[in-house]
Number of protein chains: 2
Amino acid sequence: MQKTLVNSIAFAIRHYRKAQNMSQEELANRSGLDRTYISGVERSVRNITLESLEQIITALRITPAVFFNLATRDNDNDVSNK
Amino acid sequence: MQKTLVNSIAFAIRHYRKAQNMSQEELANRSGLDRTYISGVERSVRNITLESLEQIITALRITPAVFFNLATRDNDNDVSNK
DNA sequence: TTGTGACTTCTAGTCCGTA
DNA sequence: GTACGGACTAGAAGTCACA
(Lines give C-alpha, C1' and ligand atoms only; values in the text may rest on other atoms or scores of the structure.)
Protein backbone atom coordinates (compact mmCIF):
# COMPACT_ATOMS: atom_id res chain seq x y z
CA MET A 1 0.00 0.00 0.00
CA GLN A 2 1.32 3.37 -0.98
CA LYS A 3 2.12 5.86 1.74
CA THR A 4 1.36 9.44 0.90
CA LEU A 5 3.45 12.41 1.95
CA VAL A 6 0.56 13.50 4.16
CA ASN A 7 0.78 10.15 6.00
CA SER A 8 4.55 10.37 6.41
CA ILE A 9 4.48 13.91 7.74
CA ALA A 10 1.64 13.04 10.12
CA PHE A 11 3.68 10.18 11.52
CA ALA A 12 6.80 12.29 11.98
CA ILE A 13 4.94 15.07 13.76
CA ARG A 14 3.35 12.70 16.23
CA HIS A 15 6.64 10.90 16.70
CA TYR A 16 8.63 14.01 17.60
CA ARG A 17 5.83 15.45 19.70
CA LYS A 18 5.52 12.31 21.82
CA ALA A 19 9.30 11.98 22.07
CA GLN A 20 9.16 15.20 24.05
CA ASN A 21 6.07 14.30 26.08
CA MET A 22 4.37 17.28 24.52
CA SER A 23 0.56 17.42 24.27
CA GLN A 24 -1.25 18.43 21.09
CA GLU A 25 -2.38 21.52 22.94
CA GLU A 26 1.15 22.50 23.86
CA LEU A 27 2.32 21.95 20.28
CA ALA A 28 -0.63 24.03 19.12
CA ASN A 29 0.30 26.88 21.44
CA ARG A 30 3.97 26.76 20.53
CA SER A 31 3.25 26.67 16.79
CA GLY A 32 0.45 29.24 16.82
CA LEU A 33 -1.99 26.78 15.26
CA ASP A 34 -5.27 25.46 16.54
CA ARG A 35 -5.35 22.34 18.71
CA THR A 36 -8.06 20.69 16.61
CA TYR A 37 -6.00 21.38 13.53
CA ILE A 38 -2.93 19.66 14.96
CA SER A 39 -5.19 16.73 15.73
CA GLY A 40 -6.38 16.60 12.14
CA VAL A 41 -2.87 16.82 10.74
CA GLU A 42 -1.65 13.93 12.91
CA ARG A 43 -4.58 11.83 11.73
CA SER A 44 -3.78 12.63 8.07
CA VAL A 45 -7.17 14.17 7.46
CA ARG A 46 -5.67 17.62 6.82
CA ASN A 47 -3.59 18.73 3.85
CA ILE A 48 -1.16 21.13 5.49
CA THR A 49 0.71 23.98 3.79
CA LEU A 50 4.45 24.48 3.95
CA GLU A 51 4.17 27.57 6.13
CA SER A 52 2.10 25.81 8.76
CA LEU A 53 4.34 22.77 8.59
CA GLU A 54 7.36 24.96 9.20
CA GLN A 55 5.68 26.43 12.27
CA ILE A 56 5.12 22.94 13.61
CA ILE A 57 8.68 21.79 12.91
CA THR A 58 10.01 24.88 14.67
CA ALA A 59 7.68 24.26 17.61
CA LEU A 60 9.08 20.72 17.82
CA ARG A 61 12.52 22.27 18.29
CA ILE A 62 14.08 20.28 15.47
CA THR A 63 15.43 21.24 12.06
CA PRO A 64 13.60 20.57 8.79
CA ALA A 65 16.50 18.27 7.81
CA VAL A 66 16.00 16.10 10.88
CA PHE A 67 12.25 16.15 10.47
CA PHE A 68 12.16 15.13 6.81
CA ASN A 69 14.88 12.59 7.33
CA LEU A 70 12.50 10.62 9.54
CA ALA A 71 9.40 11.45 7.55
CA THR A 72 10.82 10.17 4.29
CA ARG A 73 12.46 7.03 5.54
CA ASP A 74 10.71 4.26 3.66
CA ASN A 75 10.47 1.84 6.52
CA ASP A 76 6.74 1.73 6.96
CA ASN A 77 5.81 4.20 9.65
CA ASP A 78 2.90 2.05 10.58
CA VAL A 79 0.14 3.35 12.78
CA SER A 80 -0.09 -0.05 14.41
CA ASN A 81 3.34 0.43 15.96
CA LYS A 82 3.14 1.90 19.45
CA MET B 1 18.71 36.28 6.35
CA GLN B 2 16.44 33.41 7.25
CA LYS B 3 15.48 30.94 4.57
CA THR B 4 11.95 29.66 4.80
CA LEU B 5 10.79 26.18 3.93
CA VAL B 6 8.87 27.67 1.01
CA ASN B 7 12.14 29.09 -0.34
CA SER B 8 13.99 25.79 0.09
CA ILE B 9 11.30 23.76 -1.62
CA ALA B 10 11.10 26.27 -4.46
CA PHE B 11 14.83 25.98 -5.02
CA ALA B 12 14.77 22.19 -4.99
CA ILE B 13 11.92 21.99 -7.48
CA ARG B 14 13.66 24.30 -9.92
CA HIS B 15 16.93 22.47 -9.39
CA TYR B 16 15.58 19.02 -10.20
CA ARG B 17 13.43 20.30 -13.04
CA LYS B 18 16.38 21.97 -14.75
CA ALA B 19 18.63 18.98 -14.04
CA GLN B 20 16.35 17.08 -16.44
CA ASN B 21 16.04 19.88 -18.98
CA MET B 22 12.34 19.93 -18.28
CA SER B 23 10.28 23.05 -18.96
CA GLN B 24 7.74 24.38 -16.46
CA GLU B 25 5.09 23.42 -18.95
CA GLU B 26 6.27 19.84 -19.12
CA LEU B 27 6.43 19.62 -15.34
CA ALA B 28 2.93 21.10 -15.21
CA ASN B 29 1.62 18.48 -17.61
CA ARG B 30 3.32 15.64 -15.81
CA SER B 31 2.08 16.77 -12.39
CA GLY B 32 -1.43 17.72 -13.48
CA LEU B 33 -0.97 21.30 -12.30
CA ASP B 34 -1.12 24.56 -14.21
CA ARG B 35 2.05 26.00 -15.74
CA THR B 36 1.54 29.37 -14.07
CA TYR B 37 1.07 27.62 -10.77
CA ILE B 38 4.43 25.86 -11.11
CA SER B 39 5.92 29.23 -11.93
CA GLY B 40 4.49 30.70 -8.73
CA VAL B 41 5.75 27.82 -6.62
CA GLU B 42 9.28 28.14 -8.02
CA ARG B 43 9.27 31.86 -7.24
CA SER B 44 8.11 31.20 -3.66
CA VAL B 45 4.97 33.26 -4.06
CA ARG B 46 2.71 30.26 -3.52
CA ASN B 47 2.32 28.51 -0.16
CA ILE B 48 1.88 25.01 -1.47
CA THR B 49 0.16 22.10 0.31
CA LEU B 50 1.66 18.65 0.77
CA GLU B 51 -0.62 17.04 -1.80
CA SER B 52 0.39 19.44 -4.55
CA LEU B 53 4.03 19.13 -3.54
CA GLU B 54 3.82 15.36 -3.75
CA GLN B 55 2.43 15.59 -7.28
CA ILE B 56 5.39 17.73 -8.27
CA ILE B 57 7.97 15.46 -6.63
CA THR B 58 6.46 12.46 -8.40
CA ALA B 59 6.50 14.33 -11.71
CA LEU B 60 10.19 15.04 -11.15
CA ARG B 61 10.75 11.27 -11.03
CA ILE B 62 12.56 11.39 -7.69
CA THR B 63 11.67 10.17 -4.23
CA PRO B 64 10.58 12.48 -1.40
CA ALA B 65 13.73 11.40 0.48
CA VAL B 66 15.98 12.59 -2.33
CA PHE B 67 13.96 15.75 -2.78
CA PHE B 68 13.95 16.84 0.86
CA ASN B 69 17.56 15.88 1.29
CA LEU B 70 18.49 18.63 -1.14
CA ALA B 71 15.79 21.03 -0.01
CA THR B 72 16.85 20.94 3.62
CA ARG B 73 20.59 21.11 3.18
CA ASP B 74 21.54 24.29 4.98
CA ASN B 75 24.11 25.47 2.52
CA ASP B 76 22.38 28.60 1.27
CA ASN B 77 20.55 27.75 -1.89
CA ASP B 78 21.08 31.29 -2.99
CA VAL B 79 19.21 32.68 -5.98
CA SER B 80 22.31 34.63 -6.92
CA ASN B 81 24.14 31.39 -7.66
CA LYS B 82 23.82 30.37 -11.27
C1' DT C 1 9.73 29.65 -22.28
C1' DT C 2 8.59 32.09 -18.09
C1' DG C 3 6.56 35.96 -15.05
C1' DT C 4 2.64 38.35 -13.42
C1' DG C 5 -2.08 40.34 -12.12
C1' DA C 6 -6.57 39.35 -11.64
C1' DC C 7 -9.99 36.41 -10.78
C1' DT C 8 -13.39 32.38 -8.86
C1' DT C 9 -13.79 28.07 -6.47
C1' DC C 10 -12.51 25.34 -2.84
C1' DT C 11 -10.17 24.12 1.33
C1' DA C 12 -6.79 25.40 5.05
C1' DG C 13 -7.19 26.83 9.47
C1' DT C 14 -10.17 28.77 13.65
C1' DC C 15 -13.50 28.48 17.21
C1' DC C 16 -17.29 26.58 19.38
C1' DG C 17 -18.92 22.41 21.29
C1' DT C 18 -19.54 16.97 22.57
C1' DA C 19 -17.87 12.55 24.01
C1' DG D 1 -5.49 14.40 26.78
C1' DT D 2 -7.55 13.28 22.25
C1' DA D 3 -11.13 12.55 18.44
C1' DC D 4 -14.63 14.44 16.08
C1' DG D 5 -18.49 17.55 14.45
C1' DG D 6 -20.57 22.17 12.65
C1' DA D 7 -20.05 26.79 11.21
C1' DC D 8 -17.25 30.14 9.95
C1' DT D 9 -13.10 33.25 7.61
C1' DA D 10 -8.56 33.51 5.50
C1' DG D 11 -6.07 31.99 2.13
C1' DA D 12 -4.68 28.05 -1.30
C1' DA D 13 -6.01 25.85 -5.73
C1' DG D 14 -6.65 26.51 -10.19
C1' DT D 15 -7.16 29.25 -14.64
C1' DC D 16 -6.67 33.13 -18.05
C1' DA D 17 -4.76 36.97 -20.85
C1' DC D 18 -0.84 39.33 -21.71
C1' DA D 19 4.08 40.92 -21.37
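Letters A, B, ... mirror the listed sequences (proteins, then strands); counts begin at 1.
- Look at CG on A:Leu27: it is 12 Å from P on D:dA3, rounded to the nearest Å.
- Under the side chain to side chain contact (heavy atoms under 4.5 Å, CB included) rule, B:Leu50 has a single partner from A:Thr49, A:Val41, A:Ile9, which is A:Ile9.
- Across all strands, B:Leu33 comes closer than 4.0 Å only to sugar-phosphate atoms, never to a base (heavy-atom distances).
- Residue B:Gln24 has a polar side-chain atom (N or O) positioned under 4.0 Å from OP1 or OP2 of C:dG3.
- One interatomic measurement links the two molecules: OH of A:Tyr37 to P of D:dA3, which rounds to 15 Å at whole-angstrom precision.
- Regarding contacts with the backbone of D:dG1, every side-chain N or O of A:Arg14 stays at 4.0 angstrom or more from both OP1 and OP2.
- Here the nucleotide nearest the side chain of B:Asp34, chosen from D:dT2, D:dT15, C:dA12, is D:dT15.
- Nearest heavy atoms, A:Glu54 versus B:Lys3: OE2-O, 4.1 Å.
- Among the atoms of the strands shown, base atoms are found under 4.0 Å from some heavy atom of A:Thr36.
- Note on A:Arg43: every side-chain N or O is 4.0 Å or more away from OP1 and OP2 of D:dG5.
- The phosphate of C:dT4 has neither OP1 nor OP2 within less than 4.0 Å of any side-chain N or O from B:Ser39.
- Nucleic acid contact class of A:Gly32 (heavy atoms, under 4.0 Å, all strands): sugar-phosphate only.
- Judged purely by atom type and a 3.5 angstrom limit, A:Asn7 uses its side chain to pair as donor or acceptor with the backbone of A:Thr4.
- Atom CD1 of A:Ile56 is separated from atom P of C:dA12 by 13 Å (rounded to the nearest Å).
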Review point. Between A:Val66 and A:Leu70, does a side-chain contact (heavy atoms from CB on, under 4.5 Å) hold up when you go through it step by step?
Key: CA-CA 7 Å; A:Val66 167; A:Leu70 174 69; over 6 Å; no

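- The distance from atom CG of A:Asn47 to atom C1' of C:dA12 is 8 Å, rounded to the nearest whole Å.
- Not one side-chain nitrogen or oxygen of A:Thr49 sits closer than 4.0 Å to the OP1 or OP2 atom of D:dA12.
- In this structure, CD of B:Glu42 is placed 12 Å from P of C:dT4, rounded to the nearest angstrom.
- Ring pair B:Phe67/B:Tyr16 is tilted by interplanar angle, where 30° to 60° counts as tilted.
- Between B:Arg35 and B:Arg46, the residue whose closest nucleotide on DNA chain D is further toward the 5' end is B:Arg46.
- The CD1 atom of A:Ile48 sits 13 Å away from the C1' atom of D:dA12 (whole-angstrom rounding).
- Between the CG atom of B:Asn29 and the P atom of C:dT2 there is a distance of 12 Å, rounded to whole Å.
- For the pair A:Glu51 CD and D:dG11 P, the computed distance is 9 Å after rounding to whole Å.
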